[in-house]
Amino acid sequence: MRITLTHPFDLSPSEARDVQRLLRVQVEEAPPLRPEKVRLVLGTDVSYLRTDRLALAAAVCCSVPELSVVEQRASEGPLRFPYVPGLLSFRELPALIPALQAMECEPDVILADGQGVAHPYGIGLASHLGLIAGRPTIGCAKSVLVGEYEEPGPVRGDWTPLMYLGRRVGAALRTRTGVKPIFLSVGHRIDLESAIQVTLALTRGYRLPEPQRLAHLACEQLKRAHRANQVTGRSEPLLA
DNA sequence: GCGACAG
DNA sequence: ATCTTGTCGC
């Protein structure tokens with residue numbers, strides 16, 4: 001898939017903040033996404049080998065509704081940017097971009113670990129990713145960055161809106177009965193209702209939607225392989 | 001000044 | 001997220 005970069009990533013936190021100011025106006029709203037048009041969904045995740053200041057990324061494309069893996073890519077990159085709440089995309093996207101560029105699939109929706117517009121400046125990781133990928137994205141986080149919400153009902157599918165500055169920026173969604181809710185956030189070119197429906201359709205027996213869970217597992221594998229290579233003294237590229 | 005704070 | 005051991009519950 002094609003990635004369009006309109007700004008550099010080797011920035012200082014304050015420069016990154018300036019970039020967000022310019023990018024936020026490009027995040028688009030969108031009419032309901034027709035569920036039957038969603039045939040491919042991409043899950044993404046990034047993990048770190050803190051000791052090596054290295055970031056490992058994985059992207060897994062799944063078919064819908066089967067949720068079978070269609071394509072899987074991985075990439076890595078040096079960890080240059082610090083973790084600063086609100087600037088996560090500048091820390092994680094650089095490592096993930098090569099994997100996205102290598103992806104042959106053309107996903108209809110992309111899931112990202114983090115927030116979308118439920119962000120202090122309206123441009124969290126998911127929204128930022130949506131802009132450079134030019135596709136609909138959904139922020140899929142395990143906790144909240146900004147906003148308020150009421151505890152959703154106890155059954156799978158129950159949800160409550162995540163409100164921020166008087167806007168509905170996401171939702172606390174119970175993806176499984178009996179587990180803590182996950183926090184969806186509108187990313188780019190998608191509406192909240194569609195994001196909720198799509199996410200539920202992608203969730204099977206785990207708290208996180210399948211593409212996200214698989215991307216996370218892939219990252220764990222990458223880490224293990226990486227450590228193993230280090231011990232063996234080898235340094236071959238991993239996974240396609 | 002204090003507390004909160006995606007991953 | 002990462003660093004870490006055991007432990008409570010379905």
Side-chain angles (χ1 to χ4, degrees), chain A residues 9 13-14 16-17 19-20 23-24 27 43-59 74-97 99 110-131 137-149 154-156 162-165 167 169-173 175-188 192 195 199 205-209 211-227 230:
Chain A
F9 271 95
S14 88
R17 174 69 188 83
V19 168
Q20 289 186 320
L23 294 182
R24 66 177 305 175
V27 177
T44 63
D45 191 35
V46 176
S47 63
Y48 319 129
L49 281 181
R50 202 196 226 169
T51 54
D52 297 340
R53 293 176 59 193
L54 188 68
L56 304 177
S75 56
E76 57 181 60
L79 210 39
R80 299 194 165 100
F81 202 90
Y83 170 68
V84 179
L87 299 178
L88 183 63
S89 63
F90 293 89
R91 178 174 170 80
E92 302 199 338
L93 288 184
L96 176 64
I97 288 172
I110 299 177
L111 268 38
D113 254 306
Q115 305 294 339
V117 300
H119 177 281
Y121 312 126
I123 177 153
L125 171 62
S127 299
H128 195 162
L129 175 54
L131 286 182
T137 55
I138 298 173
C140 200
K142 295 174 287 300
S143 61
V144 172
L145 175 58
V146 296
E148 310 80 45
Y149 68 96
V155 178
R156 166 180 161 81
L162 173 62
M163 306 294 293
Y164 185 56
L165 303 180
R167 304 270 301 170
V169 293
L173 173 65
T175 51
R176 254 195 86 174
T177 300
V179 302
K180 293 186 301 181
I182 63 172
F183 301 89
L184 295 190
S185 175
V186 173
H188 177 58
L192 185 56
T199 301
Y206 292 89
R207 183 159 88 119
L208 295 177
Q212 285 301 85
R213 192 177 71 82
L214 295 174
H216 191 283
L217 287 178
C219 275
E220 291 301 297
Q221 296 302 323
L222 290 171
K223 270 187 290 187
R224 304 202 156 167
H226 210 283
R227 298 196 222 262
Q230 209 163 41

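Every chain is numbered from 1 and lettered A, B, ... according to where its sequence line falls, protein lines coming before strand lines. In this text, all values refer to a predicted model and were calculated from it rather than measured experimentally.
The distance from atom CD1 of A:Ile123 to atom P of B:dA6 is 18 Å, rounded to the nearest whole Å. The nearest whole Å value for the distance from the CZ atom in A:Phe81 to the C1' atom in B:dA6 is 14 Å. Between A:His119 atom NE2 and B:dG7 atom P there is a gap of 13 Å when expressed in whole angstrom units. Atom CZ in A:Arg91 sits roughly 7 Å away from atom C1' in C:dA1 (whole-Å rounding). The CG-C1' distance, from A:Leu87 to B:dA6, rounds to 11 Å in whole Å. Across the protein-nucleic acid pair, A:Leu88 atom CG and B:dG7 atom C1' stand 5 Å apart, rounded to whole Å. Rounded to whole Å, atom P of B:dA6 lies 16 Å from atom CG of A:Asp45. Atom pair A:Gln115:CD and B:dA4:C1' shows a separation of 14 Å (rounding to whole Å applied).
The structure places CD of A:Glu92 at 12.0 Å from CD1 of A:Ile97, a figure rounded to the nearest 0.5 Å. Annotation: the span from A:Ser47 atom OG to A:Gln221 atom CD amounts to 11.0 Å, rounded to 0.5 Å.
Distances were taken from every side-chain heavy atom of A:Leu125 (C-beta onward) to each of B:dG7, B:dA6, C:dT2; the shortest belongs to B:dA6. The nucleotide whose nearest atom lies closest to any side-chain atom of A:Ala141 is, among B:dC5, B:dG7, C:dT2, B:dG7. In the set B:dA6, B:dG7, C:dT2, the nucleotide with an atom closest to the side chain of A:Leu145 is B:dA6.
Within the nucleic acid shown, A:Gly86 comes within 4.0 Å of at least one base atom, counting heavy atoms only. Nucleic acid contact class of A:Leu56 (heavy atoms, under 4.0 Å, all strands): none. Among the heavy atoms of the strands lying under 4.0 Å from A:Val144 are primed sugar atoms or P, OP1, OP2 only; no base atom is included.
Between A:Leu88 and A:Leu145 the shortest side-chain heavy-atom distance does not fall below 4.5 Å. Contact of the A:Asp113 side chain with the A:Lys142 side chain is registered, since non-hydrogen atoms from C-beta on lie closer than 4.5 Å.
For A:Ser143, a side-chain nitrogen or oxygen approaches OP1 or OP2 of B:dG7 to under 4.0 Å. In this model, the phosphate group of B:dG7 is approached by a side-chain N or O of A:Lys142 to a distance below 4.0 Å at OP1 or OP2. Proximity of A:Lys223 to the phosphate of C:dA1: no side-chain N or O atom is located under 4.0 Å from OP1 or OP2.
Contact detail for A:Val46 and A:Ala57: the closest heavy-atom pair is CG2-CB, 3.9 Å. Nearest heavy-atom pair, A:Leu54 versus A:Pro78, reported as atom, atom and distance to 0.1 Å: CD1-N, 4.3 Å.
Separation of the A:His128 and A:Tyr121 ring centroids does not fall under the 6.0 Å cut-off.
For the pair A:Tyr83 and B:dG7, the ring geometry qualifies as stacking, because the centroid separation is below 5.5 Å while the planes lie within an angle under 30°.
Screening A:Leu208, A:Leu111, A:Ile182 for a side chain to side chain contact (heavy atoms under 4.5 Å, CB included) with A:Thr199, the sole residue that qualifies is A:Ile182.
Taking a pair as Watson-Crick or G-U wobble with both distances under 3.5 Å, DNA chain B forms no stem of 3 or more consecutive pairs.
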